[in-house]
Amino acid sequence: RKEVEQDPGPFNVPEGATVAFNCTYSNSASQSFFWYRQDCRKEPKLLMSVYSSGNEDGRFTAQLNRASQYISLLIRDSKLSDSATYLCVVNSYSGGGADGLTFGKGTHLIIQP
Amino acid sequence: DTAVSQTPKYLVTQMGNDKSIKCEQNLGHDTMYWYKQDSKKFLKIMFSYNNKELIINETVPNRFSPKSPDKAHLNLHINSLELGDSAVYFCASSQAGPPGDTQYFGPGTRLTVL
């Protein structure tokens, strides 16, 4: 079973629409959760951390459901500049593994004018 | 100023060669990492390292070795390169390591093994 699973997409969405991504994680001991954004041929950059109570940053809202091991990202009023790959990320204390982040494969979003 | 920098940006080499990728961070962070992103865009941790401890992902071949001359640098040395090593390698750093610290990534080094 993959540690972090996401729908790879692509999601083709008209500008101004609302779009939601989901991901699930397998390690119930995970403690920290993030959404990163990666543009084509660029490095990943932190979009936002995800907190248990849910959190919002402008047009972006993240939710965490620990019981279901499920994380979501909602983008409202999407812009052309939102086109990118969105990576669901959890910490990876996997016992003997490197203490880095575990990335999902990403969801590719294309905002169409 | 670039927070996390890597050199070279592109590296093309023959199978069997030995190569190094350099990484430097000017953020004053305590922990640095190396990730590999393969052709399927899957990003996977290879190493994490701070002043006290190197943690190696068990799936990483021992041909790969990180070398840290000081806190601001974590270089990646690869021996006997293989075709499957072709990927983009990202260096990253964080203040004090997981669980909650933001990691900052370098621009990546695109390695092609012929």
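Naming convention: chains lettered A, B, ... in sequence-line order (proteins, then strands); numbering from 1 in each chain. Heavy atoms only: backbone and side chains are in, while hydrogens, waters and symmetry mates are out.
- Rounded to the nearest 0.5 Å, atoms OG1 (Thr85(A)) and CG (Leu43(B)) are 11.5 Å apart.
- Qualifying salt bridge (charged side-chain N to carboxylate O under 4.0 Å, His left out) partners for Asp77(A), counting only residues two or more places apart in sequence or in other chains: Lys79(A).
- Ile71(A) and Leu74(A) fall into different hydrophobic clusters, where Ile, Leu, Val, Met, Phe, Trp and Tyr residues are linked whenever their side-chain heavy atoms come under 4.5 Å apart, directly or through other members.
- Using a 4.5 Å cut-off on side-chain heavy atoms (C-beta onward), Lys41(B) and Gln38(A) make no contact.
- Hydrophobic cluster membership differs between Tyr51(A) and Met48(A), with clusters built from Ile, Leu, Val, Met, Phe, Trp and Tyr side chains linked at under 4.5 angstrom.
- Closest heavy-atom contact between Phe42(B) and Phe103(A): CE1-O, 3.2 Å.
- In the hydrophobic clustering of ILVMFWY residues, with side-chain heavy atoms under 4.5 Å counting as a link, Tyr89(B) and Tyr10(B) come out apart.
- Remark: Gln37(B) CD to Lys105(A) NZ distance equals 11.5 Å, nearest 0.5 Å.
- By the 4.5 Å side-chain criterion applied to Ile, Leu, Val, Met, Phe, Trp and Tyr, Leu114(B) is assigned to a cluster that also includes Val12(B).
- Residues Tyr36(A) and Thr102(B) form a side-chain contact, since some pair of their non-hydrogen atoms from C-beta on lies under 4.5 Å apart.
- Glu43(A) CD to Gln6(B) CD: the interatomic distance, rounded to the nearest 0.5 Å, is 8.5 Å.
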